[in-house]
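Worksheet: one structure, shown below.
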Amino acid sequence: MIKLAVLVSGRGTNLAAILEAAREGRLGVRPVLVLSDRPDARALSVAQTYGVRTAARDVAGPGGRRAFFAWAERELVESGAELIALAGFMRLLPAGMVQRFRWRILNIHPSLLPAFPGLDAPRQAVEHGVRISGCTVHFVDEGMDTGPIVLQAAVPVLPDDTPGTLAARIRKEEHRLYPEAIRLFAAGRLRIEGRRVRILPGQKDI
Ligand code: GRF
């Protein structure tokens with residue numbers, strides 16, 4: 001079992017999907033910490049429901065972003081986390097933190113990257129008029145939603161979609177995709193080769 005920390009800012013539906021799968025023993029991870037930049041994030045109560053330790057600090061508090069990330073890095077190191085999953089964490093990580101946990105940070109983004117990085121991806125997709133969007137799990141590098149892609153799932157954009165209805169359809173796929181990517185990481189089956197991630201065969205596939 002590898003130790004997992006999850007960073008959140010909001011609702012925590014991806015967090016719930018991950019913690020549920022972990023509890024069922026499907027992921028090969030032990031969640032050790034859920035950390036938030038918003039003390040009022042609903043995700044924190046999700047973590048408590050699953051009995052996972054939480055830590056929260058307001059990024060808008062004293063010392064701002066710098067102090068927040070210095071604190072977050074200490075918490076993550078002390079937790080012994082071997083994998084960090086960003087699940088609706090709404091901030092770009094500082095380069096120092098990315099380097100410290102190089103290729104041990106995953107993120108989920110609600111578009112088929114490299115299309116529509118950044119904020120409000122479902123709105124970007126609807127406004128652009130694409131017929132297909134989806135979600136992407138990727139390793140985090142120093143850029144905004146730019147790191148090597150682990151898994152993607154396609155989701156149709158329907159004629160009457162609003163950003164909200166599209167986001168909800170995408171989120172259903174996220175809840176399947178993110179636990180699967182974490183399971184592959186924990187099983188040591190992800191190998192990064194430049195920009196590409198090779199998925200190594202599992203025991204049952206050989
Ligand atoms: C998800 O759509 C995820 O792709 C994005 O933020 C949203 C988080 O939702 N990064 P939730 O907090 O997991 O419900």
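Both counts, for ligands and for their atoms, begin at 1 and track the order of listing.
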Exercise for the section: Pull out every atom of ligand 1 sitting under 4.0 Å from any heavy atom of Arg11, numbered as shown with elements. Expected result: 12 (O), 14 (O)
Handout entry: Arg91 vs Val59 side-chain heavy atoms within contact, under 4.5 Å
Key = yes
Exercise for the section: Check whether any side-chain heavy atom of Leu190 lies under 4.5 Å from a side-chain heavy atom of Phe139, and answer yes or no. Expected result: yes
Handout entry: Within-cut-off N or O pair, Gly12 and ligand 1, under 3.5 Å
Key = yes
Problem - Closest approach of Val126 to Asp161 (non-hydrogen atoms, all atoms of both residues) - result: CG1-O, 3.9 Å
Exercise for the section: Distance to 0.1 Å, residue and atom name: give those for the protein heavy atom nearest to atom 14 (O) of ligand 1. Expected result: Thr13 OG1, 2.5 Å
Exercise for the section: Check whether any N or O atom of Arg171, backbone or side chain, sits under 3.5 Å from an N or O atom of ligand 1, and answer yes or no. Expected result: no
Completion exercise
min-distance protein heavy atom vs atom 7 (C) of ligand 1 -> Gly88 CA, 4.1 Å
Completion exercise
Tightest non-hydrogen contact, residues Ile105 and Leu93, listed as CD1-CD1, 3.7 Å
Practice task
Starting from atom 10 (N) of ligand 1, locate the nearest protein heavy atom and write down its residue, its atom name and how far away it is, to 0.1 Å.
Solution key: Ile108 O, 3.0 Å
Exercise for the section: State, yes or no, whether a side-chain contact exists between Arg189 and Arg183 at a heavy-atom distance under 4.5 Å. Expected result: yes
Completion exercise
Among non-hydrogen protein atoms, atom 9 (O) of ligand 1 lies closest to Asn14 ND2, 3.9 Å
Handout entry: Atom indices of ligand 1, in the order listed, that fall short of 4.0 Å to a heavy atom of Glu174
Key = 1 (C), 2 (O), 3 (C), 4 (O)
Handout entry: Any Asp58 side-chain heavy atom under 4.5 Å of Arg38 side chain
Key = no
Fill in the blank from the handout: When every non-hydrogen atom of Pro148 is compared with those of Gly194, the smallest separation belongs to CG-O, 4.1 Å
Problem - Nearest neighbour of atom 5 (C) of ligand 1 from the list Gly10, Pro110, Cys135, on a heavy-atom basis - result: Pro110
Problem - Asn107, any N or O under 3.5 Å of ligand 1 N or O - result: no
